[in-house]
> 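Okay, here's the structure, questions in a sec.
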Amino acid sequence: MEPTKLKYFEDPYLFTSKSKVIEETRYQDKLALILDETIFYPQGGGSPYDQGIIRLDSTEFKVNEVRFENGIVYHIGEYSSGALEPGDIVELELDSDRRMLNCKLQTGGHLVDEAVREVGLTSLIPAKGFHFPEGPSVEYDGEIPADQVERLRSEIESAANKMIETGFEIKTFIVNSREELEKYCYSIPTHIPEGKQIRVVVVWGEKGIPCGANHVKNLRDLGQIKIMRIKSGKGVTKISYLIER
Ligand SMILES: [Zn+2]
């Protein structure tokens with residue numbers, strides 16, 4: 001089967017589109033639709049999946065969960081009415097509020113990273129990010145001295161909000177070699193496969209990080225960010241943030 005074409009890479013603010021039904025199948029015992037292309041984001045990269053509706057006239061399939069496996073996007077859910085068949089041309093509609101929130105939370109994680117560098121914390125090595133609405137955070141290998149935590153929390157918050165105010169058109173592009181990856185990325189995670197196309201996302205300045213998730217188009221779209229807490233100890237620093245809605 002051909003891999004599903006991922007339309008969200010082209011435009012993260014595309015909330016409706018048309019697509020063709022390839023097959024109705026099961027994903028881990030749950031009813032799922034496979035389409036030729038999709039705007040639905042499958043869970044990954046620290047961001048949750050999209051939800052929404054797939055419809056054709058009065059037939060409606062409610063998408064509760066979206067997963068990605070071996071190049072195929074599984075739209076998992078249930079029919080509210082009717083049924084679909086292979087070859088049907090359907091309309092896709094995302095829960096746009098959910099998508100926008102996830103774009104903001106995902107970008108917020110990148111932005112915290114930029115602000116951490118901006119305030120001079122270059123010894124912290126990015127380890128992982130959690131960009132769900134429930135307590136988003138970024139984690140680093142490395143520690144901050146306890147007596148500096150509060151000062152740095154406030155500095156990181158100011159630096160991040162200054163970047164939002166200034167604004168930045170977020171750049172996403174594909175790199176094809178390790179040399180390019182080194183040129184455009186701050187650090188290269190160990191799980192990056194060799195010889196594969198990698199998508200790089202830059203939210204500020206010239207360099208970014210490899211990421212396949214959805215982001216806002218301009219930093220200004222974030223509104224405001226709050227650094228809630230910095231927890232540092234046992235070789236790990238966790239920075240929790242919040243996007244003001
Ligand atoms: Zn990202």
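Atoms within each ligand, like the ligands themselves, are counted from 1 in listed order.
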> Taking distance alone, no hydrogens or angles, what donor-acceptor pairs closer than 3.5 Å link side-chain atoms of residues 31-42 to residues at least two apart or in another chain?
from	atom 1	to	atom 2	distance (Å)
D36	OD1	S19	OG	2.9
D36	OD1	K20	N	2.8
T38	OG1	F40	N	3.0
T38	OG1	H75	NE2	2.7
Y41	OH	G44	O	2.6

> Might you confirm whether atom CD of E2 has over 12 heavy atoms from other residues, nucleotides or ligands at distances under 6.0 Å?
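12 or below, so no.
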> Has H131 got an N, O or S atom lying less than 2.8 Å from the Zn ion (ligand 1)?
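Checking H131: none of its N, O or S atoms is under 2.8 Å.
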> For the Zn ion (ligand 1), give me the closest N/O/S atom belonging to H110, just the atom name.
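Within H110, restricted to N, O or S, the Zn ion (ligand 1) is closest to atom NE2.
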> Would you please say whether a donor-acceptor pair under 3.5 Å links the side chains of K62 and N64?
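Distance-only check passes for K62 and N64.
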> Using modelled atom types and a 3.5 Å cut-off, is there a donor and acceptor pairing between side-chain atoms of D95 and backbone atoms of R98?
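Yes; at least one donor-acceptor contact below 3.5 Å.
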> Look at the N, O or S atoms of Q106, main chain and side chain alike, and state whether any lies under 2.8 Å from the Zn ion (ligand 1).
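Yes - counting backbone and side chain alike, Q106 has an N, O or S atom under 2.8 Å.
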